[in-house]
Chemist: 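Pasting a structure below so you can have a look.
Each chain gets a letter, A, B and so on, in the order its sequence line appears, and its residues count up from 1. These figures come from a predicted structure and were not determined experimentally. Every heavy atom of this structure was used, including side-chain atoms; hydrogens, water molecules and symmetry mates were not.
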Number of protein chains: 2
Amino acid sequence: MAKEVVEKDEASVDVLPPRNPARTGLMTASPDWSDDENGGLNPRDYVSSLARGLEVLRAFNRTRRKMTLSEVAAETGNTRAGARRILLTLVHEGYAVADGKLFDLTPQVLELGYSVLSSKGAWDIARPFIDHLSSELRESVSAAVLDRFDVVYVSGAQYHRVISVGITVGARFPAHCTATGRVLLAAQAPEMWPGMLQHIPLTRMTEHTVTDPTEFRRVLEQVRDQGWSLVDQELETGLMSIAVPLHNPSGGLVGAINVGIPTVRMSAATAIEYVLPKLQETVLNIRESLKR
Amino acid sequence: MAKEVVEKDEASVDVLPPRNPARTGLMTASPDWSDDENGGLNPRDYVSSLARGLEVLRAFNRTRRKMTLSEVAAETGNTRAGARRILLTLVHEGYAVADGKLFDLTPQVLELGYSVLSSKGAWDIARPFIDHLSSELRESVSAAVLDRFDVVYVSGAQYHRVISVGITVGARFPAHCTATGRVLLAAQAPEMWPGMLQHIPLTRMTEHTVTDPTEFRRVLEQVRDQGWSLVDQELETGLMSIAVPLHNPSGGLVGAINVGIPTVRMSAATAIEYVLPKLQETVLNIRESLKR
DNA sequence: CACAAGAGTGCGTTATGTGAACAATAGCAC
DNA sequence: GTGCTATTGTTCACATAACGCACTCTTGTG
């Protein structure tokens with residue numbers, strides 16, 4: 001008995017979990033997809049209590065709220081005693097509340113990640129343009145950034161008709177099968193491509209998802225060369241999305257903006273003909289605004 | 001900025017770190033309005049490493065991104081060695097990246113607080129109604145929940161005219177001078193009122209802000225009795241806001257929804273006559289939807 | 001009332017924080 | 001440029017705080 005099967009990431013219990021290596025001495029910049037996926041981290045440079053605590057917070061996100069101590073322990077691979085200490089700490093610091101035996105997060109946890117959403121103010125500036133594009137096209141528009149192999153939505157305007165494409169801020173999807181994701185992946189520096197292409201899991205999401213590495217590489221090359229991406233039902237059946245990258249005035253990649261369109265409403269050809277120019281115009285306008 | 005000596009609390013070597021380790025002490029944690037302000041927490045029940053780590057994450061939010069190790073140490077009241085271990089842990093877990101000597105958070109931190117935004121799906125359901133109200137009124141509409149004495153915005157639709165009221169999801173404002181805040185405070189159980197009224201800091205934000213406790217109590221009573229709140233330029237000059245509470249079908253308080261209106265565009269009387277009914281209708285519709 | 005499941009506790013062992021020393025930079029005066 | 005100093009990043013040793021384990025206590029169920 002004792003320990004349940006923790007089927008998620010098995011590494012949760014002793015030795016250093018694998019992730020970004022960060023060697024001592026030279027610091028690795030930007031999510032490195034290079035091949036040194038070791039875990040070679042000096043034990044002195046690691047605080048496992050912190051990692052465990054963060055894992056508890058994530059557990060609440062996975063399971064969607066309200067768990068007992070034991071559930072948290074099982075979910076995170078902790079002992080009950082350990083989970084209890086962590087939960088009480090979170091309560092003490094105001095990140096969680098204990099309601100009887102059920103623990104729950106408070107809105108204070110937003111303080112932990114909020115800066116990413118409001119960062120640099122670039123998205124604040126982009127916001128009106130996104131809204132405007134949304135009402136003009138009468139479709140949902142959103143902005144996303146890349147986090148490893150996921151896209152994370154940082155802003156968005158939903159346009160609601162009968163069918164609507166709903167994306168919440170903070171949502172996360174695999175990059176390989178989303179238009180924003182492909183635009184962002186394609187915009188990575190050339191030297192990143194090998195590692196990226198080697199490590200990215202081309203998970204099949206629908207019958208249309210591109211899962212062949214060679215084909216995926218070709219797709220990415222095309223996206224890079226044409227400067228936009230259209231993805232037709234590779235993430236979700238019935239959903240088409242078209243995206244372009246957003247660069248700041250100095251040329252740096254800020255993120256990507258996409259329009260999500262239910263396939264019943266428009267063909268891919270129509271989207272390219274009608275939506276794409278407006279999307280491109282929008283990012284140009286945003287970029288212009290960022291100058292000031 | 002803030003590069004002073006880090007004198008910490010000298011006796012830090014034993015039991016229970018005080019409430020907020022960070023000297024800068026904005027935003028103290030721990031959600032007890034009641035008077036049990038003991039701090040009486042068994043050392044066994046507290047993981048200070050976790051609290052330190054979370055404090056580092058918050059430091060990034062306060063200062064808005066990119067800090068060196070030493071800056072983080074100073075900002076959080078840690079030693080450089082300790083800050084380093086925490087930062088390297090965050091990097092290892094993917095929450096941060098080290099770019100040369102500058103550390104920065106990644107979008108992965110959103111995973112920590114995301115569940116609050118997407119919780120229970122109540123806000124997902126409310127979302128279309130909020131959007132609809134926004135386009136109908138041609139004003140920005142948002143939804144918020146209470147976190148101690150702050151309101152935190154969890155959803156919103158911005159309507160952009162020349163002047164627009166811009167609120168980002170995750171934003172946080174003092175509850176006492178916002179319409180949503182007053183609605184939520186007023187909806188607290190009667191036995192909470194004394195502690196609440198005693199502890200809430202009635203910070204002056206504009207010349208209109210109600211800062212007198214007695215008057216504030218009267219205001220709150222009125223809000224409770226009438227079931228809505230209109231706040232005229234008490235948070236920000238030129239901004240008026242009107243809010244109503246949102247209850248779920250079983251009567252529990254879910255949050256509040258408000259319409260923000262630039263004062264140049266409408267008088268308070270007009271807002272009450274014209275906006276309030278639509279707002280009330282909207283929450284009724286949302287509540288109806290939540291039943292299913 | 002017995003039983004099971006979960007919550008809380010004491011203790012030996014391990015991992016972590018601290019402060020100080022050391023190393024590498026960055027400024028800065030010249 | 002050279003040499004100086006102030007600042008920041010890194011390492012180390014040791015005191016101690018946090019861990020898991022095994023245990024007890026509480027609560028809810030038949």
Chemist: Under 4.0 Å: is that the gap between some side-chain N or O of B:Ser48 and OP1 or OP2 of C:dT16?
Modeler: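 Answer is no, no contact under 4.0 Å.
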Chemist: Do A:Tyr153 and A:Thr180 touch side chain to side chain, with heavy atoms closer than 4.5 Å?
Modeler: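 Yes. Closest side-chain heavy atoms under 4.5 Å.
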Chemist: To the nearest 10 degrees, how far apart in direction are the end axes of the helix from C:dC1-D:dG30 to C:dC30-D:dG1, each fit to five base pairs?
Modeler: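 Answer rounded to 10°: the end axes differ by 50°.
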Chemist: For B:Leu50 and C:dA15, give me the distance from atom CG to atom P, rounded to whole Å.
Modeler: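 After rounding, the reported distance stands at 19 Å.
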Chemist: For D:dC19 and A:Thr79 - does any side-chain N or O of the residue sit under 4.0 Å from the phosphate oxygens OP1/OP2?
Modeler: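 No, A:Thr79 has no side-chain N/O under 4.0 Å of OP1/OP2 on D:dC19.
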Chemist: Could you list the residues that satisfy salt bridge (Lys or Arg N to Asp or Glu O under 4.0 Å) with A:Lys101, not counting sequence neighbours?
Modeler: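 So A:Lys101 forms no salt bridge (Lys or Arg N to Asp or Glu O under 4.0 Å) with any residue.
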Chemist: Locate the shortest heavy-atom distance separating B:Leu290 from B:Ile125; write the atom from each residue and the value.
Modeler: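 Reported closest heavy-atom pair: CD2-CD1, 3.7 Å.
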Chemist: If you compare every side-chain N and O of A:Arg84 against the phosphate oxygens of C:dA7 (OP1, OP2), does one of them come in below 4.0 Å?
Modeler: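 So the side-chain polar atoms of A:Arg84 never come under 4.0 Å of the phosphate oxygens OP1 or OP2 of C:dA7.
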Chemist: CZ of A:Arg85 versus P of C:dA15: gap in Å, rounded?
Modeler: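 Whole-Å distance recorded here is 14 Å.
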Chemist: What's the CG-P distance between A:Leu88 and D:dC19, to the nearest Å?
Modeler: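 Interatomic distance, CG of A:Leu88 to P of D:dC19: 12 Å.
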Chemist: Find which nucleotide of DNA chain C each of B:Ile86 and B:Arg80 is nearest to by heavy atoms, and output the residue with the more 5' nucleotide.
Modeler: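 Its nearest nucleotide lies further toward 5', so the answer is B:Ile86.
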Chemist: Is the closest side-chain heavy-atom distance between B:Tyr95 and B:Thr89 below 4.5 Å?
Modeler: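 No - every pair of side-chain heavy atoms lies 4.5 Å or more apart.
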Chemist: Side-chain contact test, heavy atoms from C-beta onward, threshold under 4.5 Å: evaluate it for B:Pro245 versus B:Leu253 and give yes or no.
Modeler: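 Yes, their side chains come closer than 4.5 Å.
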Chemist: Quick one: side chain to side chain contact (heavy atoms under 4.5 Å, CB included) partners of B:Ala175, sequence neighbours excluded?
Modeler: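 B:Leu146, B:Val151, B:Leu185.
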Chemist: Using whole Å, report how far CD of B:Glu71 lies from P of D:dT7.
Modeler: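 Rounding to the nearest Å, CD of B:Glu71 and P of D:dT7 are 14 Å apart.
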Chemist: Checking contacts here: which listed nucleotide (C:dT9, C:dG17, D:dT10) is nearest the side-chain heavy atoms of A:Ala81?
Modeler: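 Output: C:dT9.
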Chemist: Can you see if the side chain of B:Ser49 gets near the phosphate of C:dG17 - specifically, an N or O under 4.0 Å from OP1 or OP2?
Modeler: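 True: B:Ser49 side-chain N/O within range (under 4.0 Å) of C:dG17 OP1/OP2.
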Chemist: Rounded to the Å, how far apart are A:Asp45 CG and C:dT18 C1'?
Modeler: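 Result: 16 Å.
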Chemist: Nearest-Å distance, CG (A:Leu87) to P (D:dA18)?
Modeler: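 In whole Å, D:dA18 P and A:Leu87 CG are 16 Å from each other.
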Chemist: Could you tell me the separation between the CG atom of B:Leu69 and the C1' atom of D:dT7, rounded to a whole number of Å?
Modeler: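 Interatomic distance, CG of B:Leu69 to C1' of D:dT7: 12 Å.
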Chemist: From CG of B:Leu102 over to P of C:dA26, roughly how many Å is that when rounded to an integer?
Modeler: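 The answer, rounded to whole Å, is 12 Å.
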Chemist: Find which nucleotide of DNA chain D each of A:Lys101 and A:Ala83 is nearest to by heavy atoms, and output the residue with the more 5' nucleotide.
Modeler: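 The residue closer to the strand's 5' end, by nearest nucleotide, is A:Ala83.
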Chemist: May I ask you to say whether A:Glu55 pairs ionically with A:Arg62, meaning some side-chain N is under 4.0 Å from a carboxylate O?
Modeler: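 Answer for the salt bridge query: yes.
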